[in-house]
Asks: 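Here you go, one structure.
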There are 2 protein chains.
Amino acid sequence: MQDSETRSEPATPETKPRRSDATRAAILAAARERFAADGYERATIRSIAKEAGIDPSMVMRYYGNKEGLFAAAAEIDLNLPAPMDLRMQPADHVGRTLVSHFLDRWEQDEVLTALLRVGATNSAGAERMRQILKEQIGPIAAQVCPDPADAPRRAALVASQVLGMALARFVLRFPVAVAMPKEEVVDWLAPTVQRYLTAPEP
Amino acid sequence: MQDSETRSEPATPETKPRRSDATRAAILAAARERFAADGYERATIRSIAKEAGIDPSMVMRYYGNKEGLFAAAAEIDLNLPAPMDLRMQPADHVGRTLVSHFLDRWEQDEVLTALLRVGATNSAGAERMRQILKEQIGPIAAQVCPDPADAPRRAALVASQVLGMALARFVLRFPVAVAMPKEEVVDWLAPTVQRYLTAPEP
DNA sequence: TTTGTTGGTCAACGCTTGTTGGCAACAGTA
DNA sequence: TACTGTTGCCAACAAGCGTTGACCAACAAA
């Protein structure tokens, strides 16, 4: 197989544009939409290709196989505020800032819903979520919480509440959870997240 | 098709035992295990039948089709304490009691994990979860919270935290969440659930 | 004993899936 | 011009899926 084709992360930061870049992007966008709506198994390569307006075999050529496609589609950056910025604002606003950011992020980007759906049934998806917790939420907790040694625990607690609300609102669609305005959700969850991050061990 | 065979809930409370009851139970147990481990799509009728030690066609005869099998396997009773019992104990212990109960329940019964997995990708699974929220968690909130009018909202908030922790611990298996002893999880989550149930609107 | 019902297996159906290889059109280069 | 690599479509493959119907063995009722 052509090794230089199937990579999704170029070895060099700068890669010369290819004529097929538009197609690659279309495939990725379609994949995200289908994974978000259907989960890993029911999002078929054929349906993704159809939505992207190309032949299924192109997906294979550009992403190797279905797993590779998912890995590329689930490249996620939560864009969390830098830990330093968080330390500069009033200590009791961190929870509110984070919850608000998470909800925004979820509403604007279907990839997060996709990952949540896939993580529930697919081991690669679950692994990717563990990685995001470790690399993106962990550092925040480490900077904000009193004792950096138990930052991972606090990060997991925060994740449990945030993911739980995302599950209720965007995946399971509990009617009341969907109907609640974003500000109200923030009002309820912010103190929880704040406590998980900064309260002394119970 | 034989109508009297495919029902899973007998019209009359008492139904005479059939010779095939053992097989039916074996199928149901195998189905719960496979759905919990693999989710809806990857849990195949063939694999379930194999685990139950019978032929795939038996599954069809007794449960109609795959959806019917799942519906039967996802018949869930959270066994929550009666709302009245909750009102009798100190008001600030309700959160702790509930969280502890949920964690026990989850650990002892893989069906809950199965439903969580399936609910994330399957619309019937999600519908079942909405039903459980409404019929089993809702009433508790209605009895415990200050204004019964917003009981549904409070129930959804409780569910978001409890389901989020179940997701982290039993499905995504965040290492720290798995490693935390049950008592510690209760210590952290109890005040959250307590506040969602009884605190005045934020 | 005969007859009807129930519990169970077997082999196959039609369909969808991920995946592959061949082939044509095009672009860039020499 | 001829040559080489890229982009794309088409047709097909093998495997696995849910589901079906024919068929047999054991039991129960007559």
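Chain letters run A, B, ... following the sequence lines, proteins first, then strands; residues in each count from 1.
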Asks: Over how many whole Å does the gap from Arg19(A) atom CZ to dT6(D) atom C1' extend?
Replies: 5 Å

Asks: How close or far is atom P of dT6(C) from atom CG of Asp21(B), stated in whole angstroms?
Replies: 13 Å

Asks: Just list the side-chain donor-acceptor pairs under 3.5 Å for residues 144-152 of chain A, sequence neighbours left out, or say none.
Replies:
from	atom 1	to	atom 2	distance (Å)
Asp147(A)	OD1	Ala149(A)	N	3.0
Asp150(A)	OD1	Arg154(A)	NE	3.2

Asks: In whole angstroms, how far is the P atom of dT6(C) from the CE atom of Met58(B)?
Replies: 13 Å

Asks: Excluding sequence neighbours, so at least two apart, what forms salt bridge (charged side-chain N to carboxylate O under 4.0 Å, His left out) with Asp38(A)?
Replies: Arg34(A), Arg42(A)

Asks: Please collect all ring pair (Phe, Tyr, Trp, His ring centres under 6.0 Å) contacts where either partner lies in residues 124-147 of chain B, sequence neighbours excluded, each pair once.
Replies: none

Asks: For Glu67(B), check side chain to side chain donor-acceptor pair (under 3.5 Å) against everything at least two apart and list the hits.
Replies: none

Asks: Taking the side chain as every heavy atom from C-beta outward, state whether Phe35(B) and Arg117(B) have any atom pair closer than 4.5 Å.
Replies: no

Asks: Roughly how many Å is it from CZ in Arg18(B) to P in dC27(D), rounded to a whole number?
Replies: 19 Å

Asks: Produce a footprint string for nucleotides 12-19 of chain C: one letter per nucleotide, 5' end first; B if the base is under 4.0 Å from any protein heavy atom, S if only the sugar-phosphate is, - if neither.
Replies: B----BBB

Asks: According to ring pair (Phe, Tyr, Trp, His ring centres under 6.0 Å), does anything in residues 140-159 of chain B pair up with another residue at least two apart or in another chain? List the pairs.
Replies: none

Asks: With a 4.0 Å limit, can you tell me whether Ser20(A) has a side-chain N or O closer than that to the phosphate oxygens OP1/OP2 of dG8(D)?
Replies: no

Asks: Rounded to the nearest angstrom, tell me the gap between atom CD1 in Ile54(A) and atom P in dC10(D).
Replies: 12 Å

Asks: Find the distance Arg34(B):CZ to dC17(D):P and express it as a whole number of Å.
Replies: 12 Å

Asks: In whole Å, what is the span from the CG atom of Asp55(A) to the P atom of dC23(C)?
Replies: 16 Å

Asks: What is the distance, to the nearest angstrom, from the CG atom on Leu69(B) to the C1' atom on dT19(D)?
Replies: 14 Å

Asks: Is there a side-chain contact between Thr23(A) and the phosphate of dT7(D), meaning an N or O under 4.0 Å from OP1 or OP2?
Replies: no

